[in-house]
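Please read the structure below before turning to the comments.
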Amino acid sequence: MSAESSNLSNIEHRAVIKYFVKKGKTPKEIFEDMVSVFQESVPSYTMVKKWARLFQQGRESCEDDPRTGCPVTVVTEENVRKIEKLVLVDRRIKLWQIPKEMHISKERVGEIIHEHMNMRKISARRVPKMLTPFDKQRRLQTSKDFLELVGDNIDEICDRIVTVDETWVRQYDPESKQESMQWMKKGERSLKKFKVQKSASKLMATIFWDSEGVLLIDYLSKGTTMNGKYYANLLAQAREAVVQKRRGKLSCGVLFLQDNASVHTARVSRQALKDTGFSEIDHPPYNPDLAPSDYFLFSNLKKELRGRRFVDDNQMKMAVESHFDCKEKEYF
């Protein structure tokens, strides 16, 4: 059939569907027959199914039902002003509440709000903490101080930084739905993914690292509490790791970056940090922008470990260390 003769109108397509319904064919069979004849000009399967159902219920007409409702003339400057006033008085007003006030359709209200008022309804962005003016000023000052420290020597400064953070590693952390996606051929049966809980068994890993790689990984033994005294001991181990693995770094001056967890700010931890000779970079409270472990190191580690089951803690430790051992210096 030629391309010109296959381009039927909507009413003609519906007449064909009606004919096949009278012949006793199912919507799927009708759609397949129409595709084989009309090819690309065929209506969608959803539309074929809709009209086949209507004809099976006794409908005879192939034309659209007459449309009711308010005319487009309701979109007037006066109505736009009235709706804008309602929205500005109560910015949480529901879309279905406005038609009751204005006596116009919900569709026209939506058109006025989106196209004429250029407004859309959005949720408030969740943040960890409502910052006080003092917190905001401290953030600003910290950023200025760091920019002044860096100057034109960003590579040199980054090479001097050592950072640390803690994270939980689980014996089993299920894959996310996104991570379990697979390529499928058309017509293949889709896979099912059952909801699986994370394992209760887990280890806390404290990782010290810099621009060249991981310096020290400590695993908190079960039954042990991470406190100031424990962390102070880790700082001493981290200093020794710098001496052993980064010759000359200590003499250049280590810039130490950590968050404001209570174990990091405890008095014994502060004293231990002074004893290491490290210079601490100020980290304002609730400032994730300066925590590269969270948005880079740990996220990539957990992405690789998700979906794998570990028999015991030793297997978990081996998997963590293997993840970092295979990374080149440029990765960090």
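We use all heavy atoms of the structure for the numbers below, so side chains are in, but hydrogens, waters and symmetry mates are not. By convention here, the first residue in the shown sequence is residue 1.
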Please determine whether the number of non-hydrogen atoms from other residues, nucleotides or ligands lying under 6.0 Å from atom CD1 of Ile154 exceeds 12. no
To the nearest 0.5 angstrom, please state how far the CZ atom of Phe31 sits from the NZ atom of Lys25. 14.0 Å
Can you confirm whether or not the ring centre of Phe55 sits under 6.0 Å from the ring centre of Phe20? no
Is a side-chain donor-acceptor pair under 3.5 Å present for Glu304 with Asn300? no
Test item: Leu255 and Val162 side chains (from C-beta on) under 4.5 Å apart, heavy atoms: no
Side chains of Leu234 and Phe208, heavy atoms from C-beta outward: is any pair under 4.5 Å? yes
The reported gap from CG in Leu203 to CG in Asp312 (rounded to nearest 0.5 angstrom) is 10.0 Å
Side-chain heavy-atom pair Phe332, Val214 within 4.5 angstrom cut-off: yes
Do Trp209 and Phe278 land in one hydrophobic cluster if side-chain heavy atoms of ILVMFWY residues count as linked below 4.5 Å? no
I would like to know whether Lys18 and Glu60 meet salt bridge (charged side-chain N to carboxylate O under 4.0 Å, His left out); could you show each step before the answer? CA-CA 8 Å; Lys18 181 179 178 182; Glu60 291 297 331; 2.9 Å; yes
Verdict with reasoning, His13 to Met34, per side chain to side chain contact (heavy atoms under 4.5 Å, CB included): CA-CA 9 Å; His13 279 140; Met34 292 182 72; 3.8 Å; yes
Residue set satisfying side chain to side chain contact (heavy atoms under 4.5 Å, CB included) with Arg53, at least two apart, ordered chain then number -> Lys50, Gln57
Return each pair, listed once, that meets side-chain hydrogen bond (donor to acceptor under 3.5 Å, both in side chains) where at least one residue sits in residues 239-250; pairs must be two or more places apart or across chains. Asp210-Arg246, Asp210-Lys249, Glu240-Gln244
Heavy-atom distance under 4.5 Å between the side chains of Ile17 and Val21, does that happen here? yes
For a quick check under 3.5 Å, do Lys302 and Thr167 share a side-chain donor-acceptor pair by atom type? yes
Hey, are the side chains of Leu273 and Gln258 touching, using non-hydrogen atoms and a 4.5 Å cut-off? yes
Do Val87 and Met102 share a hydrophobic cluster, counting only Ile, Leu, Val, Met, Phe, Trp and Tyr and linking them when any side-chain heavy atoms are less than 4.5 Å apart? yes
Got Arg170 and Phe310 here, is their nearest side-chain heavy-atom distance under 4.5 Å? no
Please answer: with hydrophobic residues joined when any side-chain heavy atoms are less than 4.5 Å apart, are Met204 and Val320 in the same cluster? no
Does the pair Leu216 and Ile207 meet the rule for a side chain to side chain contact (heavy atoms under 4.5 Å, CB included), with working shown? CA-CA 6 Å; Leu216 174 69; Ile207 303 179; over 6 Å; no
Name of the residue among Thr163, Ile161, Leu235 meeting side-chain contact (heavy atoms from CB on, under 4.5 Å) with Phe256: Leu235
Taking salt bridge (charged side-chain N to carboxylate O under 4.0 Å, His left out) as the test, write out the residues that go with Asp313, two or more places apart. Lys222
Can you tell me how far CD1 of Ile281 sits from CG of Leu149, rounded to the nearest 0.5 angstrom? 7.0 Å
Report yes or no: is the cationic atom of Lys327 (NZ for Lys, CZ for Arg) closer than 6.0 Å to the six-membered ring centre of Tyr331, at no more than 45° off its axis? yes
According to a 4.5 Å side-chain heavy-atom criterion applied to Ile, Leu, Val, Met, Phe, Trp and Tyr, with indirect links allowed, do Leu301 and Trp168 form part of one hydrophobic cluster? no
Check against side chain to side chain contact (heavy atoms under 4.5 Å, CB included), Arg160 and Val254: CA-CA 5 Å; Arg160 290 171 56 192; Val254 171; over 6 Å; no
Without swapping roles, check the side chain of Glu29 against the backbone of Thr26 for a donor-acceptor pair under 3.5 Å. yes
State the NZ-NZ distance between Lys100 and Lys94, to the nearest 0.5 angstrom. 12.0 Å
Could you measure the distance from the NE2 atom of His114 to the CZ atom of Arg120? Nearest 0.5 Å is fine. 9.5 Å
Looking at Asp218, Thr225, Thr224, which hits side chain to side chain donor-acceptor pair (under 3.5 Å) with Tyr230? Asp218
Side chain to side chain, Ile104 and Ile112, heavy atoms closer than 4.5 Å: yes
Would the number of heavy atoms belonging to other residues, nucleotides or ligands and lying under 6.0 Å from NZ of Lys229 be above 12? no
Looking only at non-hydrogen atoms, find the nearest pair between Gly228 and Ala266 and report the distance. CA-CB, 4.2 Å
Side chains of Glu166 and Tyr231: any donor to acceptor distance under 3.5 Å? no
Under a 3.5 Å threshold, yes or no: a donor from one side chain and an acceptor from the other, between Asn260 and Thr265? no
Does a donor on one side chain and an acceptor on the other come within less than 3.5 Å for Thr132 and Asp135? yes
For Glu280, which residues count as a salt bridge (charged side-chain N to carboxylate O under 4.0 Å, His left out) partner, sequence neighbours excluded? Arg270
Salt-bridge test for Arg81 and Glu84: reply yes if a basic N is under 4.0 Å from a carboxylate O, no otherwise. no
For a 4.5 angstrom cut-off between non-hydrogen side-chain atoms, does Lys23 reach Ile30? no
For a quick test of reading the model, state the closest non-hydrogen atom pair linking Val268 to Ala232 and the distance between them. O-CB, 4.0 Å
Would you name the heavy atoms of Ala319 and Leu305 that are closest together and state the gap between them? CB-CD2, 3.9 Å
Please check this pair: side chain of His264 against backbone of Asp259, looking for a donor-acceptor N/O pair closer than 3.5 Å. yes
Excluding sequence neighbours, so at least two apart, what forms side chain to side chain contact (heavy atoms under 4.5 Å, CB included) with Glu321? Ile217, Tyr219, Lys317, Asp325
Please report the shortest heavy-atom distance between Met119 and Arg91, naming the atom on each side. CE-NH1, 3.8 Å
Contacts of type salt bridge (charged side-chain N to carboxylate O under 4.0 Å, His left out), residue Lys82, not counting sequence neighbours: Glu78
What closest approach, in Å, do Arg59 and Ser61 show between heavy atoms, and which atom pair accounts for it? NE-O, 2.9 Å
Tell me whether Val169 is reachable from Leu297 by hopping between hydrophobic residues (I, L, V, M, F, W, Y) whose side-chain heavy atoms are closer than 4.5 Å. yes
Straight-line distance of Ile83 CD1 to Met117 CE, nearest 0.5 Å: 7.0 Å
Run the numbers on Val164 and Leu215 for side chain to side chain contact (heavy atoms under 4.5 Å, CB included), then give the verdict. CA-CA 10 Å; Val164 63; Leu215 289 162; over 6 Å; no
